[in-house]
Amino acid sequence: MLQPVTLGSKTLADYTHIFGREEIAEIRELAEPLRGARVVHVSATAFGGGVAEILYTLVPLMKDVGIDVEWQIIYGREEFFNATKVMHNALQGAPEGLTTAQWDIWREYNEMNARELPGGWDVVIAHDPQPAALHSLVPEKGRGWVWRCHIDLSTPHAETLATLLPYIKDYPQTLFHMEQYVPAGLNGKVNVVPPAIDPLAPKNMALSPDDAAYVCGQFGIDVDRPLIVQVSRFDPWKDPLGVIDAYRLVKENVPGVQLALVGSMASDDPEGWDFYNATVAHADGDPDIFILNNFNNVGSIEVNAFQSQADVVVQKSIREGFGLTVSEALWKGRPFVGGDVGGIPLQVEQGVTGYLVKSPEQCAARCEDILLDPVLGKALGRRGKAHVRKHFLTPRYLRDYLRIFGELLGTSASTPSSAAEGTA
């Protein structure tokens with residue numbers, strides 16, 4: 001058996017005051033024909049990164065509406081995660097693909113995990129490329145199968161995608177964040193379903209200004225001076241070095257500004273520490289740059305505090321599958337500046353709920369605009385929060401999954417409200 005993840009409980013009713021009574025009733029109505037269905041989510045890691053964060057809320061809410069759901073983690077050693085990191089980067093556009101030996105390692109671990117996956121599921125959801133071969137290896141273990149892609153496939157390394165495609169093309173249902181990410185050649189139903197954040201999770205729940213300031217102060221941040229924050233993995237695609245460059249430009253005109261780069265180190269990201277060290281080196285000892293991770297006692301509450309206290313939240317990605325940290329910042333009413341890539345423009349309307357940028361210079365200019373005009377920052381944050389409330393909260397995401405399950409299991413003829421019709 002794969003490694004099960006132990007989860008706490010959540011109740012959909014607790015979201016009524018945020019999401020709406022009629023909307024919650026619709027979700028329960030969709031779930032009723034699926035009551036007792038056996039569903040398993042299969043992913044590479046239980047912590048670090050957006051997939052794990054989403055499942056810590058989504059799985060308990062599925063259970064609350066009557067789904068018999070589990071979340072299981074595949075087995076993998078360093079050689080496997082080294083290979084899948086190369087695959088992840090290549091699928092997002094890096095020029096280097098996997099070697100023949102790395103593809104062999106990926107297949108071997110998928111074969112082992114396929115043997116260990118129990119059978120008898122009504123729906124199996126494989127998340128991202130790490131376990132993507134499961135359906136081709138043991139289709140009989142699930143009545144319905146879904147491949148959920150959380151990464152940006154808009155400009156993939158062609159050979160890598162071509163080698164992966166035979167393993168994903170026959171999934172009955174696939175899910176992507178955006179239509180631009182859908183590759184040609186899929187035989188099943190394609191759904192375009194953006195992810196969402198949990199407004200009641202410790203990372204996103206309401207935190208008083210005094211509490212946020214206290215937490216930030218514990219890490220040496222001067223809460224009486226302006227603060228720019230980026231929350232993300234230490235990964236070249238998130239461009240923390242570019243954020244430091246932008247901060248240095250801002251500091252020329254706003255000399256009191258501070259920068260916090262806050263991230264988590266994930267077990268399936270072997271490059272994380274190398275890039276963390278590269279980020280520290282690029283900061284070059286600047287006492288106003290704070291580079292923190294989960295090994296510095298930074299957890300969900302601390303991330304919440306950094307985002308809530310920030311005068312500007314940045315996500316200057318150069319590739320981005322979706323970017324949950326964008327919705328997190330907007331939900332807290334913070335002004336936002338982010339890379340004009342991937343799923344970020346889906347969450348940010350230029351000049352209305354935040355700013356989209358393509359260079360450190362543009363990032364610095366927009367951050368300065370906000371720091372020098374607090375009224376502008378408050379207006380951006382207010383509009384951004386309303387946008388997230390409407391489009392990017394977990395109950396909506398749960399509703400879309402339930403509709404897909406209904407299609408797979410023949411309990412409903414409806415399709416996800418945000419799904420793309422037909423196949424790629």
Side-chain angles (χ1 to χ4, degrees), residues 1-5 40-46 48-49 51-52 55 70-121 123-153 155-176 181-188 190 266-272 321 424:
M1 166 170 195
L2 304 184
Q3 304 169 67
V5 180
V40 63
H41 292 265
V42 181
S43 73
T45 181
V51 178
L55 293 180
E70 296 183 25
W71 174 17
Q72 298 185 9
I73 304 301
I74 59 174
Y75 292 101
R77 294 182 177 174
E78 185 176 4
E79 59 180 358
F80 173 70
F81 290 121
N82 285 336
T84 59
K85 185 62 178 181
V86 173
M87 185 189 299
H88 181 280
N89 288 340
L91 291 171
Q92 289 206 146
E96 179 186 356
L98 282 74
T99 64
T100 300
Q102 287 174 321
W103 276 113
D104 288 342
I105 288 168
W106 178 78
R107 292 184 186 97
E108 288 168 8
Y109 276 92
N110 267 266
E111 288 167 1
M112 181 187 72
N113 285 299
R115 290 192 298 270
E116 293 297 321
L117 177 68
W121 302 103
V123 181
V124 181
I125 305 136
H127 290 267
D128 275 342
Q130 293 94 330
L134 291 180
H135 176 251
S136 65
L137 294 166
V138 286
E140 73 281 358
K141 289 190 175 182
R143 179 179 161 196
W145 285 79
V146 179
W147 186 59
R148 189 7 157 176
C149 181
H150 296 265
I151 60 179
D152 178 349
L153 292 182
T155 56
H157 181 266
E159 184 180 342
T160 302
L161 180 59
T163 306
L164 179 65
L165 188 62
Y167 298 97
I168 62 174
K169 67 183 179 65
D170 290 326
Y171 272 84
Q173 299 259 5
T174 54
L175 274 74
F176 297 86
Y181 297 174
V182 180
L186 300 179
N187 296 328
V190 174
S267 62
D268 65 340
D269 186 2
E271 294 180 346

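Computed from a prediction, not measured in an experiment: that's the story for all the values here. Hydrogens, waters and symmetry mates are skipped; everything else that's a heavy atom, side chains included, is used.
- Here the straight-line distance linking atom CD of Glu96 with atom OG1 of Thr160 works out to 9.0 Å at 0.5 Å rounding.
- Looking only at side-chain heavy atoms (C-beta outward), Pro131 and Asn113 stay at 4.5 Å or farther from each other.
- Here Asp170 contributes atom CG and Leu165 contributes atom CG; the two are 9.0 Å apart, rounded to the nearest 0.5 Å.
- Summarising the geometry, atom NE2 belonging to His135 is positioned 9.5 Å from atom CD belonging to Glu140; distances are rounded to the nearest 0.5 Å.
- Here the side chains of Ile168 and Thr174 are not in contact, with every heavy-atom distance at 4.5 Å or above.
- Scanning all heavy atoms of the two residues, the minimum distance from Ala46 to Val5 falls at CB-CG2, 4.0 Å.
- Shown here for Ile151 and Gln92, the closest heavy-atom pair between the two residues is CB-OE1, 3.6 Å.
- Ser43 and Trp71 share a side-chain donor-acceptor pair at under 3.5 Å.
- When atom types are taken as modelled, the side chain of Asn89 and the backbone of Ala94 share no donor-acceptor pair closer than 3.5 angstrom.
- Of all heavy-atom pairs between Ala44 and Ile73, the closest is O-CG2, 3.4 Å.
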Yes or no on side chain to side chain contact (heavy atoms under 4.5 Å, CB included) for Val86 and Trp106, after CA distance, side-chain angles and deciding distance? CA-CA 11 Å; Val86 173; Trp106 178 78; over 6 Å; no
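- Closest heavy-atom contact between Lys169 and Gly185: CB-O, 3.4 Å.
- To the nearest 0.5 angstrom, Glu159 atom CD is 9.5 Å from Leu98 atom CG.
- One distance of note links NZ of Lys85 with CD of Gln130; it measures 9.5 Å at 0.5 Å rounding.
- Under the 30°/60° scheme for interplanar angles, the aromatic rings of Trp145 and Tyr171 are found to stand perpendicular.
- Ring geometry, Tyr109 versus Phe80: the interplanar angle falls from 30° to 60°, so the pair is classed tilted.
- Here the closest heavy-atom approach between residue Leu153 and residue Phe176 is recorded as CD1-CE2, 3.9 Å.
- Under the side chain to side chain donor-acceptor pair (under 3.5 Å) test applied with His41, the options Glu70, Arg148, His127 reduce to a single match, His127.
- Ala90 approaches Gly97 most closely through the heavy-atom pair CB-CA, 4.3 Å.
- Checked by atom type and distance alone, the side chain of Lys141 pairs as donor or acceptor with a backbone atom of Ala114 at under 3.5 Å.
- Atom CE of residue Met87 and atom CZ of residue Phe81 lie 12.0 Å apart, to the nearest 0.5 angstrom.
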